[in-house]
Amino acid sequence: GAVVSQHPSRVICKSGTSVKIECRSLDFQATTMFWYRQFPKQSLMLMATSNEGSKATYEQGVEKDKFLINHASLTLSTLTVTSAHPEDSSFYICSARDLMGEGNTIYFGEGSWLTVV
Amino acid sequence: KQEVTQIPAALSVPEGENLVLNCSFTDSAIYNLQWFRQDPGKGLTSLLLIQSSQREQTSGRLNASLDKSSGRSTLYIAASQPGDSATYLCAVGFNQAGTALIFGKGTTLSVSS
């Protein structure tokens with residue numbers, strides 16, 4: 001079945017540095033991918049919608065200059081957390097919609113744990 | 001704006017009990033509804049996907065129902081086991097290609113042996 005791969009699964013970075021997280025659809029093309037953030041014991045909150053070949057659409061309250069999203073191909077979207085701070089420490093997870101699949105299903109990556117020290 | 005609510009927020013039961021988790025959503029114009037399981041520190045595992053035209057889906061000891069008109073879904077877990085302990089998330093989806101799933105806050109289930 002369709003698989004979405006996310007990398008890295010865990011990353012620790014120093015405050016002020018940037019971190020890139022990759023989200024790949026492995027056996028289907030995804031014109032749209034979604035990025036979520038989840039703080040401890042909270043639900044998944046949509047950060048932005050990544051559109052292949054165009055600018056991402058950010059949810060209210062999400063800084064687009066801090067969370068850079070690039071969706072350069074039909075199988076890859078990247079989220080870069082720039083100038084990371086400890087409060088950016090969170091679980092980041094991506095998803096992709098398989099338009100050709102059964103039921104227009106959305107598949108999720110494994111998630112990435114970011115710790116900023 | 002679509003809002004998804006899950007009740008209860010937490011649930012503790014002894015092994016063997018049957019239980020029901022509830023999910024409600026404010027906008028009934030959904031395309032599908034999906035139940036996920038999330039273990040501590042882990043990602044999401046899709047459990048059941050119900051299309052808007054369906055009333056229920058079953059997988060093993062799990063049964064999910066959907067009442068689109070009333071904006072409700074339930075996840076029924078039969079004969080609960082300690083391995084069922086996790087957070088269960090309900091999410092609604094829409095038909096438009098550019099729209100993401102909207103999640104509830106989840107129900108954290110603890111099954112004691």
Side-chain angles (χ1 to χ4, degrees), chain A residues 1-7 9-10 21 23 29-52 54-60 62 71 77 90-113 115, chain B residues 1-10 21 23-25 29-54 56-57 59 64 66 86-110:
Chain A
V3 175
V4 174
S5 176
Q6 196 170 333
H7 178 80
S9 58
R10 291 183 182 274
I21 301 171
C23 179
Q29 294 182 335
T31 56
T32 303
M33 293 185 176
F34 308 99
W35 288 96
Y36 293 82
R37 178 169 55 184
Q38 185 182 35
F39 291 110
K41 298 187 178 181
Q42 299 294 317
S43 188
L44 279 75
M45 298 302 297
L46 180 66
M47 297 176 65
T49 300
S50 172
N51 303 298
E52 187 269 335
S54 64
K55 293 182 179 180
T57 303
Y58 290 82
E59 295 299 301
Q60 189 174 9
V62 178
H71 194 157
S77 174
S90 183
F91 182 66
Y92 293 86
I93 190 167
C94 70
S95 67
R97 184 184 288 262
D98 181 6
L99 294 175
M100 303 303 293
E102 180 181 349
N104 196 11
T105 305
I106 294 180
Y107 298 92
F108 282 82
E110 305 94 333
S112 300
W113 284 100
T115 302
Chain B
K1 182 180 179 181
Q2 178 74 267
E3 292 185 3
V4 181
T5 303
Q6 290 188 246
I7 296 174
L21 307 181
C23 172
S24 61
F25 45 94
I30 65 170
Y31 186 72
N32 55 32
L33 184 144
Q34 203 159 352
W35 283 92
F36 294 88
R37 168 183 173 142
Q38 185 176 32
D39 292 285
K42 302 293 184 180
L44 303 179
T45 299
S46 179
L47 298 174
L48 290 164
L49 169 66
I50 311 176
Q51 303 296 339
S52 60
S53 58
Q54 299 174 323
E56 65 178 351
Q57 283 286 337
S59 176
L66 174 63
T87 296
Y88 291 81
L89 295 165
C90 165
V92 296
F94 299 89
N95 192 29
Q96 296 87 340
T99 57
L101 294 182
I102 305 299
F103 283 83
K105 292 186 177 181
T107 295
T108 299
L109 172 65
S110 176

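Here is the naming used below: chain letters follow the sequence lines, and residue numbers restart at 1 for every chain.
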Among residues at least two apart in sequence or on other chains, which ones pass side chain to side chain contact (heavy atoms under 4.5 Å, CB included) with B:Ser52?
B:Lys68

Select one option (side chain, backbone, both, neither) describing which atoms of B:Leu101 are under 4.5 Å from chain A's heavy atoms.
both

Strictly under 6.0 Å, is that where the ring centroids of A:Phe108 and B:Phe103 end up?
yes

Distance check, rounded to the nearest 0.5 Å: B:Leu89 atom CG versus A:Gln38 atom CD?
7.0 Å

Tell me, yes or no, whether the heavy-atom count around A:Glu59 atom CD, taken from other residues, nucleotides or ligands under 6.0 Å, exceeds 12.
yes

Could you look at A:Leu44 and say if it's the side chain, the backbone, both or neither that has a heavy atom under 4.5 Å from chain B?
both

Straight-line distance of A:Trp113 CH2 to B:Lys42 NZ, nearest 0.5 Å
10.0 Å

Specify the closest pair of heavy atoms between A:Phe91 and B:Gln38, including all atoms of both residues, with the distance to one decimal.
CE2-NE2, 3.8 Å

Taking only residues two or more places apart in sequence or in another chain, which ones pass side chain to side chain donor-acceptor pair (under 3.5 Å) with B:Thr108?
B:Thr87

Once rounded to the nearest 0.5 Å, what's the spacing between atom CD1 of B:Ile102 and atom CG of A:Leu46?
6.0 Å

Given heavy-atom pairs under 4.5 angstrom as the criterion, report whether the side chain, backbone, both or neither of B:Gln34 touches chain A.
side chain

As an exercise, state the distance from NZ of A:Lys41 to NZ of B:Lys105, rounded to the nearest 0.5 Å.
14.5 Å

